[in-house]
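Here the structure is a predicted model, which means the values were calculated and not measured. What's counted below: heavy atoms across the whole structure, side chains too, no hydrogens, waters or symmetry copies. Along the sequence shown, residues carry numbers from 1.
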Amino acid sequence: MGKRDDLIAKYADDLKNKCGMTPDIDLLTKVTIGCGPAIYNADASTVAAGQPAELETVKNNFLIKKLGLADSPELDAAITSVLATYGMFERSKYRAVVYYMLTKHFGKEAVYG
């Protein structure tokens, strides 16, 4: 297994054990690949949930640009919901896991067709 496969296994473990979800490994793999080289950077691979600018980046770059959603209060509510599911006190919220849960939340799996 390569480094990316190891990370996907770690993300799947987080989804199962921290978020109470059974991951769709195929979709998780596609979301992880979509994150690009950020998954290999310690800072970029996680979402800083306590930083408003970071949450705006998730909303603008992922939800609006990648998933094609219109800006609305529903986007902020979804981000808050996903972060709460992950665990507000969970220090390392992996970007790929957050993006995976947001993709599932909005039913946008087809984006990764």
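- Separating the CG atom in Leu102 from the CZ atom in Arg95 is a distance of 11.0 Å, to the nearest 0.5 Å.
- The shortest heavy-atom contact between Asp71 and Ile64 is CB-CD1, 3.8 Å.
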Report the C-alpha distance between Lys30 and Asp26 in whole Å, list the side-chain angles of each, state the deciding distance to 0.1 Å, and finish with yes or no for salt bridge (Lys or Arg N to Asp or Glu O under 4.0 Å).
CA-CA 6 Å; Lys30 290 175 182 176; Asp26 186 47; 3.4 Å; yes
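- Looking at every heavy atom in both residues, Tyr100 comes nearest to Thr22 through OH-O, 4.1 Å.
- Residues Pro23 and Leu15 approach most closely at CB-CD1, 3.7 Å, considering heavy atoms.
- The minimum heavy-atom distance linking Ala96 with Leu28 is given by the pair O-CD1, 4.4 Å.
- In this structure, Lys93 contributes its side chain and Gly87 its backbone to a donor-acceptor pair below 3.5 Å.
- Residues Ile33 and Tyr94 are members of separate hydrophobic clusters, defined by side-chain heavy-atom contacts under 4.5 angstrom among Ile, Leu, Val, Met, Phe, Trp and Tyr.
- Applying the side-chain contact (heavy atoms from CB on, under 4.5 Å) rule to Thr80 yields no partners; only residues at least two apart in sequence or on another chain are considered.
- Checking side-chain atoms of Asp13 against main-chain N and O of Ala9 turns up no donor-acceptor pair under 3.5 Å.
- Put simply, the side chain of Thr29 gets close to the backbone of Ile25: a donor and an acceptor are under 3.5 Å apart.
- Remark: Tyr86 engages no residue in a ring-ring contact (aromatic ring centres under 6.0 Å, His included) (not counting sequence neighbours).
- Between Thr46 and Glu54, the shortest heavy-atom contact is O-OE2, 3.7 Å.
- Scored by the side-chain hydrogen bond (donor to acceptor under 3.5 Å, both in side chains) test, Tyr11 finds no partners at all (sequence neighbours excluded).
- The OG1 atom of Thr85 sits 7.5 Å away from atom CE of Met21, with the distance rounded to the nearest 0.5 Å.
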